[in-house]
Amino acid sequence: MNLYAIRAIYLFEMHRTWRTIMQSIISPVISTSLYFVVFGSAIGGRIPEINGVSYGAFIVPGLVMLSLLTQSISNASFGIYFPKFTGTIYELLSAPVSYFEIVIAYVGAAASKSIILGVIILATAALFVPMRIDHPFVMVLFLVLTAVTFSLFGFIIGIWADGFEKLQLVPLMIVTPLTFLGGSFYSIDMLPPFWRTVTLFNPVVYLISGFRWSFYGVSDVHIGTSLGMTAVFLVVCILIVRWMFKTGYRLKS
Amino acid sequence: MSSAISVSNLYKTYGSGFEALKNINLDIHHGEIFALLGPNGAGKTTLISTICGIVNPTSGTILADGHDILKDYRAARTKIGLVPQELTTDAFETVWNTVSFSRGLFGKPSNPAHIEKILKELTLWDKKDNKIITLSGGMKRRVMIAKALSHEPEILFLDEPTAGVDVELRRDMWNVVRALRESGVTIILTTHYIEEAEQMADRIGVISKGEIILIEEKNELMRSLGKKQLRLQLQEEHKTIPAALAKYGLELTPSGCELIYSYDAHEDKTGIAALLKDLDKAGVGFNDIQTKQSSLEEIFVNLVRERK
Ligand SMILES: Nc1ncnc2c1ncn2[C@@H]1O[C@H](COP(=O)(O)OP(=O)(O)OP(=O)(O)O)[C@@H](O)[C@H]1O
Ligand SMILES: [Mg+2]
């Protein structure tokens with residue numbers, strides 16, 4: 001193991017975060033807080049409780065997930081895309097590091113940032129809405145698992161993208177809609193049966209449902225199913241990254 | 001003892017179907033400075049990139065100090081430092097951070113004293129806390145050299161290190177290269193400045209259209225291919241060369257005032273004495289005589305032209 005390399009990349013990426021702290025931490029925290037203010041304090045009081053949870057509290061896990069997903073993807077995809085774009089990737093390709101070490105360092109850094117962000121958002125949420133966490137261990141597990149999985153997914157997008165447009169495309173066109181439609185703001189039990197079935201094809205539903213279960217003990221789908229689906233997605237991402245490095249896809253000619 | 005770099009039967013065909021390297025066989029000796037010359041698009045960068053692991057070889061084997069660059073990439077790459085042709089740096093990082101980063105990336109524990117030494121040698125020390133974006137092009141090039149030297153490589157690749165660099169910096173750079181060679185580092189460089197290869201290199205390889213067309217000791221190359229010229233300033237203008245002198249293969253300059261005789265200085269009979277006698281007989285008078293050795297540049301241009 002080239003531990004020095006892992007450390008160097010990890011610290012380099014974390015350093016980049018502090019340099020761009022406005023964009024990578026402060027702005028997602030502010031925009032998510034706005035939801036808490038609007039839905040939690042302002043109009044949340046007029047919406048009935050869902051499964052015995054006040055509306056303001058109900059949306060917290062979904063919103064944390066929304067930030068976690070989008071930030072993990074954008075952190076990780078940008079982290080690997082940028083060296084490709086500027087050409088500094090030559091150094092990474094010529095260094096005595098294995099793909100496994102590269103992935104650990106980049107994905108580790110991106111996931112760390114998202115987890116820090118998730119915790120800050122949770123703390124902010126607690127200021128605006130009454131919250132409780134019934135299963136803290138599962139909550140942390142979900143937080144870490146989601147951050148790692150979607151950082152890996154972002155890493156794949158970063159390698160695949162050959163322009164800034166594509167880099168923005170997936171988070172904007174796919175992830176955000178899936179998160180909004182994945183039960184961030186409602187329980188999928190509230191949907192008509194047909195739409196409920198359609199929604200079950202949305203992988204984000206399982207994340208949000210599982211995450212919410214760790215808070216309030218209520219969920220749309222069984223917690224085991226949620227964990228299983230997340231694990232499946234993680235494995236798929238690992239396999240894709242492995243293939244990318246084996247073949248040098250979009251990295252080496 | 002194995003070679004520093006050993007390339008055998010290397011082929012590279014790019015995804016576009018373009019065959020950039022054709023059956024390259026090359027051995028770089030330990031501790032030498034090897035200059036790779038060739039026109040634009042010859043495949044110099046492709047060859048270097050393949051050895052360094054940035055481009056996948058299509059077939060063939062490459063060993064770095066006896067280690068296969070694919071199967072044993074960790075050992076191979078640890079020994080190699082690369083300064084690529086393109087100036088690519090992390091614009092927002094400081095010089096110190098980016099050079100330290102490279103050292104870590106290549107698996108070496110941090111060593112501020114070594115980084116300090118490199119930065120001082122490359123006269124970057126007073127810029128160590130500056131962001132790279134604020135440096136000039138020549139300084140950025142030095143930062144890239146510092147990065148490549150940060151992990152104390154045994155083999156250093158310099159892909160056109162002096163392109164777009166002023167005279168002073170070029171001299172600095174060659175001093176650094178010489179000092180590195182003294183300390184035992186093997187250096188492979190590409191350049192378009194032939195006088196550079198002439199001054200610096202121990203051996204010279206010429207690549208053209210993806211093929212190595214020549215590898216030779218520099219001195220040997222100069223000797224074996226180095227034709228000399230004898231130039232005679234004539235007293236009167238001549239329109240044609242007198243028929244009696246046809247066997248010498250003389251050239252008359254367009255002005256008609258100068259005759260050029262090409263000969264091989266290493267042959268026993270250069271034919272100069274006979275030529276001078278025959279000139280006298282033909283009544284061609286001259287004021288002045290010069291001899292000139294052809295430069296590597298001329299040798300090189302001739303070689304590449306011959307292949308076309
Ligand atoms: N990624 C690529 N895909 C397809 N063709 C490429 C690629 N990179 C280089 N080539 C082609 O391979 C040939 C060799 O390129 P290379 O960069 O190795 O030349 P070079 O000898 O370094 O030239 P220069 O002196 O201009 O730097 C060129 O014809 C180039 O167009
Ligand atoms: Mg080149």
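Chain naming here is simple, since letters A, B, ... match the order of the sequence lines and numbering starts at 1 in each. Predicted model, so just to flag it, every value in this text is computed and none were measured. FYI, side chains are in, hydrogens and waters are out, and symmetry mates aren't considered; it's all heavy atoms of this structure.
With a 4.5 Å cut-off on non-hydrogen atoms, A:I6 does not touch chain B at all. Of the atoms belonging to B:K12, it is side-chain heavy atoms, and not backbone ones, that fall under 4.5 Å from chain A. If you measure heavy-atom distances from A:T247 to chain B, the contacts under 4.5 Å come from the backbone alone.
Contact count against chain B (heavy-atom pairs under 4.5 Å) is highest for A:T88 among A:I89, A:T88, A:I9, A:T86. In terms of heavy-atom pairs under 4.5 angstrom with chain B, the leader among A:R19, A:R16, A:R7, A:E101 is A:R19.
Residue-level contacts of residues 133-151 of chain B with chain A, in order of numbering, are B:M144, B:K147; threshold 4.5 Å between heavy atoms. Of all residues in residues 84-106 of chain B, those placing a non-hydrogen atom less than 4.5 angstrom from a non-hydrogen atom of chain A are B:P84, B:T88, B:T89, B:D90, B:F92, B:E93, B:N97, B:F101, B:S102, B:G104, B:L105, B:F106. Of all residues in residues 136-158 of chain A, none places a non-hydrogen atom less than 4.5 angstrom from a non-hydrogen atom of chain B. Chain A is approached within less than 4.5 Å, heavy atom to heavy atom, by no residue from residues 62-72 of chain B.
In this structure, A:S98 and B:Y73 have side chains that are in contact, with non-hydrogen atoms separated by less than 4.5 Å.
Atom OH of A:Y10 sits in a crowded spot, with more than 12 heavy atoms from other residues, nucleotides or ligands closer than 6.0 Å. When the shell of 6.0 Å around CZ of A:R242 is examined, it contains 12 or fewer heavy atoms from other residues, nucleotides or ligands.
A pairwise comparison of heavy atoms in B:G107 and A:Y4 identifies O-CD1, 3.5 Å as the closest pair. The shortest non-hydrogen separation linking B:N56 to A:K252 is OD1-CD, 3.4 Å.
Taking OG from B:S49 and OH from A:Y90, the interatomic distance works out to 11.5 Å, rounded to the nearest 0.5 Å. Once rounded to the nearest 0.5 Å, the distance linking CG of A:N2 with OG1 of B:T78 reads 7.5 Å.
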